[in-house]
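A short worksheet on the structure shown next.
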Amino acid sequence: MKVDWRVDEASPLALAFLGDAVWEIYARNHCLNLGILRPRDLQRQATRYVSAAAQAEALRLLEPILTDAERDVIRRGRNQKPSHTRRNVDVVVYRLATGFEALVGYLYAAGERERLDEIAARALAALDAQNNQAREP
């Protein structure tokens with residue numbers, strides 16, 4: 001898909017807007033790759049990746065592999081004051097999730113698909129590992 005706007009001129013919230021949709025596609029595709037086929041199960045599993053808490057946790061787990069430029073995009077996204085926040089989500093968690101979405105949107109719009117694929121794969125694997133540990137007795 002062609003991007004006709006300049007990524008360096010987009011606001012962090014515009015990048016997060018795009019990143020939210022892109023991350024949703026990665027999460028849904030991952031669920032299908034796991035062999036989940038029933039719509040109800042797909043929705044339930046996808047929520048484990050796209051919730052603000054999951055995105056904030058993915059960001060925490062990815063921190064060691066991020067570049068300074070990527071950290072800057074996250075910082076800008078995290079520090080934006082959205083016009084609303086979810087009532088059931090802590091403000092700090094919501095802002096971290098916005099930073100994560102801004103990074104995903106930035107990488108997508110900048111055409112850095114290889115890096116985006118790497119970050120998405122690592123985030124999904126880390127969230128899977130964490131979910132599996134939480135289920136073990």
Side-chain angles (χ1 to χ4, degrees):
M1 179 180 306
K2 185 177 175 191
V3 177
D4 288 330
W5 47 275
R6 291 187 44 165
V7 68
D8 58 334
E9 292 178 356
S11 75
L13 291 179
L15 294 174
F17 172 78
L18 178 61
D20 178 54
V22 172
W23 180 245
E24 179 88 23
I25 291 170
Y26 273 94
R28 287 179 179 212
N29 188 57
H30 182 67
C31 291
L32 289 166
N33 286 339
L34 292 174
I36 302 168
L37 300 176
R38 292 179 49 208
R40 181 177 172 189
D41 296 338
L42 283 166
Q43 181 61 35
R44 187 177 302 136
Q45 184 67 27
T47 302
R48 293 181 180 160
Y49 304 110
V50 300
S51 70
Q55 291 175 351
E57 184 62 15
L59 187 59
R60 185 186 69 77
L61 296 167
L62 289 170
E63 182 66 32
I65 68 156
L66 298 174
T67 67
D68 289 340
E70 292 165 348
R71 285 185 183 99
D72 187 52
V73 170
I74 292 165
R75 180 189 51 76
R76 289 178 36 233
R78 185 189 65 221
N79 289 341
Q80 289 291 300
K81 293 194 171 129
S83 59
H84 74 285
T85 57
R86 296 246 168 139
R87 283 183 276 181
N88 61 340
V89 177
D90 180 74
V91 174
V92 173
V93 169
Y94 190 82
R95 286 187 168 193
L96 288 170
T98 302
F100 177 78
E101 290 172 345
L103 173 63
V104 171
Y106 173 82
L107 292 172
Y108 178 84
E112 296 184 31
R113 303 296 161 73
E114 194 172 302
R115 180 64 173 159
L116 177 57
D117 287 346
E118 176 189 0
I119 283 181
R122 286 182 181 228
L124 291 164
L127 291 171
D128 282 343
Q130 191 174 54
N131 285 335
N132 289 338
Q133 285 178 350
R135 283 189 231 137
E136 292 177 5

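This one's a predicted model, so the numbers in the text were calculated from it and none came from an experiment.
- A pairwise comparison of heavy atoms in I36 and L42 identifies O-CD2, 3.2 Å as the closest pair.
- Qualifying ring pair (Phe, Tyr, Trp, His ring centres under 6.0 Å) partners for Y26, counting only residues two or more places apart in sequence or in other chains: none.
- Applying the salt bridge (Lys or Arg N to Asp or Glu O under 4.0 Å) test to every pair with at least one member in residues 11-24, sequence neighbours left out, gives these pairs: E24-R28.
- Separating the CG atom in L107 from the CD atom in E112 is a distance of 5.5 Å, to the nearest 0.5 Å.
- No donor-acceptor pair under 3.5 Å is formed between the side chain of R75 and the backbone N or O of E70.
- What you find for L15 and A10 is that their closest heavy atoms are CD2-CB, 4.0 Å.
- Side-chain contact between L124 and W23 is present, with heavy atoms from C-beta onward closer than 4.5 Å.
- T47 is linked by a side-chain contact (heavy atoms from CB on, under 4.5 Å) to Q43, counting only residues two or more places apart in sequence or in another chain.
- The closest side-chain heavy-atom distance from R76 to D72 is below 4.5 Å.
- No chain of hydrophobic side-chain contacts below 4.5 Å, direct or via other Ile, Leu, Val, Met, Phe, Trp or Tyr residues, connects F17 to L103.
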Considering only distance and modelled atom types, tabulate donor-acceptor pairs under 3.5 Å from the side chains of residues 53-62, sequence neighbours left out.
residue: Q55; atom: NE2; partner: V50; partner atom: O; Å: 3.3
residue: Q55; atom: NE2; partner: E101; partner atom: OE2; Å: 3.3
residue: E57; atom: OE1; partner: R60; partner atom: NE; Å: 3.1
residue: E57; atom: OE2; partner: R60; partner atom: NE; Å: 3.1
residue: E57; atom: OE2; partner: R60; partner atom: NH2; Å: 2.3
residue: E57; atom: OE2; partner: Q130; partner atom: NE2; Å: 2.7

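- Shortest non-hydrogen contact noted between T98 and G77 is CG2-O, 3.4 Å.
- Hydrophobic clustering of Ile, Leu, Val, Met, Phe, Trp and Tyr side chains at less than 4.5 Å, counting indirect connections, keeps I25 apart from L18.
- Pairs engaging residues 7-19 under the salt bridge (Lys or Arg N to Asp or Glu O under 4.0 Å) rule: R6-D8, R6-E9 [sequence neighbours left out].
- Contact detail for G19 and V104: the closest heavy-atom pair is O-CG1, 3.6 Å.
- Put simply, the side chain of R95 never gets that close to the backbone of N79: no donor and acceptor are under 3.5 Å apart.
- Sorted by first and then second residue, the pairs that involve residues 27-62 and meet ring pair (Phe, Tyr, Trp, His ring centres under 6.0 Å), not counting sequence neighbours, are H30-Y49.
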Problem set entry | Intermediate values then yes/no, side-chain contact (heavy atoms from CB on, under 4.5 Å), I65 and R122 | CA-CA 10 Å; I65 68 156; R122 286 182 181 228; 3.1 Å; yes

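- The minimum heavy-atom distance between A102 and P12, with the atom names listed, is CB-O, 3.8 Å.
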Exercise. So I74 and L66, side-chain contact (heavy atoms from CB on, under 4.5 Å) or not? Walk me through it.
Worked result: CA-CA 10 Å; I74 292 165; L66 298 174; 3.5 Å; yes

